[in-house]
Amino acid sequence: MIGKFNQKISPTGRFKNEGYHDDPYLRALITKHEKISTKIYDSSTEGSKALASEIASIIKIKELEGNKCVLGLAVGSAPSEVYDELIRMHKKDGLSFKNVIVFNVMEYYPIAPEALQSFSRNIKEKFFDHVDLPKDNINDLDSLLPQEKIYEFCRAYEEKIERLGGIDMQILGIGRTGHIGLNEPGSSMNSLTRIVSLDDISRTEAASDFFGKDKVPRKAITMGVKTILNAKRVRLLAWGEGKANIINKTIEGDTTEEVPASFLQNHIDCKFILDEAASNELTRVKTPWLIDSVEWDDRLIKKAVVWLCQKVNKPILKLTDRDYNDNGMGDILADKGSAYQINIRIFNELQHTITGWPGGKPNADDTYRPERKSPEKKRIIIFSPHPDDDVISMGGTMLRLVDQGHEVHVAYQVSGNLAVSDDDVLRYIDFIGDYADGISADTKELHAEHDRIRKFLANKKHDQVDLPEIRRIKGLIRVGEAKAGCRYANVKDENAHFLHMPFYETGGVEKKPIGKEDVKIIADLIKEVKPHQIYAAGDLSDPHGTHRVCLDAIFKAVDDLKKEAWMKDCWVWLYRGAWHEWEIHNIEMAVPISPDELIRKRNAIFKHQSQKDGAMFLGGDNREFWQRAEDRNRGTANLYNELGMAEYEAFEAFVRYEFL
């Protein structure tokens, strides 16, 4: 599902020389800007399975030779599906890890090995505990040593790798700073295993794991750049559009200490494994027409014309034949006609995406409108992964759908309790206790529970999971805020649905895999409402993947239900806004937001008071979510204006997911 969706929003362009995959000369031409061998897959799952097969092959060859297979292993979201597939191979295909020795790449310092955030614990629970890897073959980085002993430990770590003949394959992810392992910007190419200071960006991104940036360790122990480069093979995994910019700098830029991953350009057997979203900024994906002749389909033409406008700083209708010829797009004129003809066509396509009637305009010609006019009043489900994504990402459209008389349902997929601070819990239990004292003399049991909560929070460690009653209070805080947002938007009380999808309710940042029960909850609501429109979050850059899992559940539910007769009248629209906005060439519906509506949207966001003034899950962007949303909405309107459209205050943008 995700792969097909990514193909729609990331038109890579088909080169006319489609045999380049098999022809070394043509492949060298297509990838001439890339200094590292790179393979792009439709999805992270496909790429992970390919790497798992390669790892399994090396293990088997080493076993036949009577040798040990030495692996350097990273941890985190990037290799998690690789480990899942290796576990499957072990259990289903008999793949043995008895001849495998592993060296972990990195660890926070100091941190207890049993801490929730410990990389050693993470990989143990995700991988080692599920295969027959001998415990004596696991080499962890000791994060509890006194600092004065770390140098000797790291030297012994290097010596052990060398005694074993070196690392046969090193698995890596990549950070937004370009770090590999935890070799931050400024790391030398000759660096070995050592203690390092973490970059501020890395600590900010880890803040949600530790429930606050102030609790993130300032140091770490990591394999050095040279240690990694000494591996016989290196495979780096990157998924999602959030990694696209740093992947481009790493693969196509110069080698520099400012991007430590760029040193991998010097390795003789290094490969990058990407999904389509992570490859978006590579030249062969972003502007393939600058490399070789391409097949000009409708989506690629639109993408190229928008790019050309931004490059020459002209609106669409002012582009000339010379603009096309001077910027590597001359063949589009030969294939499709003059600049004038192409300009008019793309201008009209963009113009037709703009509508003030996201539910369809009654009694109007809808030939060139993004939505149908019938039925005049539609049943609509807005799926919101967290209890504020609806108003952050499409609050203006939500308000307009209600104002225009549609039956709007809002479905909050997870509780969002992880993002509520302990201070908010204390504030709410103080209120509850004081209120209860005012109406009842018998509050002994209530105060006993509150005392237990206060005691727990006073002694809570950063790696502790909250008590169930604390998680419930945090969840109720988010529920109350979501209800307030719905009331402000005039959504009926009975149309606010709190789904509490089970995959999320672990008490920790790490979630369970999506299960059948998650999909069933989504499908049951869709069957109950029988909507004409579904809105869902297509924002796949959520740092901890909740948005992606929630979207997967919707895709699976829709796929299960698509044979139902009433589903033929259901259209699925995907919104963004919390982390990224749709690129303008992908937008299929743009809803203008007036200055007054933007203020109403802001007020709806403000109903989520626990998420103001320093929410936990801001990622690498320190702006509050309402600021991000307004900046992106205004930015989209500004781009439309620069391309020659009418000038609007702001836009919310949508892409249609076609499932039939």
Minimum heavy-atom distance between [X] and [Y], given as atom pair plus value:
X	Y	answer
S187	E257	O-CG, 3.4 Å
S197	E184	O-CG, 3.8 Å
V414	C550	CG1-SG, 4.1 Å
E505	S415	OE2-OG, 3.0 Å
A74	P79	O-CG, 3.6 Å

Could you check S48 against E85 for side chain to side chain donor-acceptor pair (under 3.5 Å), going step by step and ending with a plain yes or no?
CA-CA 8 Å; S48 297; E85 178 63 10; over 6 Å; no
Do [Y] and [X] meet the salt-bridge criterion of a basic N to acidic O distance under 4.0 Å?
X	Y	result
R155	E152	yes
K474	D422	yes
K213	D200	yes
D168	K68	no

Relative to the ring of F97, is the ring of F127 parallel (under 30°), tilted (30 to 60°) or perpendicular (over 60°)?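 Answer is perpendicular, since the angle exceeds 60°.
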request  = Give me the ring orientation class for Y157 and F103: parallel if the planes are under 30° apart, tilted from 30 to 60°, perpendicular past 60°.
outcome  =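 Perpendicular, since the angle between the ring planes exceeds 60°.
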Inset, instruction - Kindly say whether G253 contributes a backbone atom to a donor-acceptor pair with the side chain of Q265 at under 3.5 angstrom? - result: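 Yes.
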Testing I167, L71, L133, N139 for side-chain contact (heavy atoms from CB on, under 4.5 Å) with I101, which one passes?
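Of the listed options, the one satisfying the test is N139.
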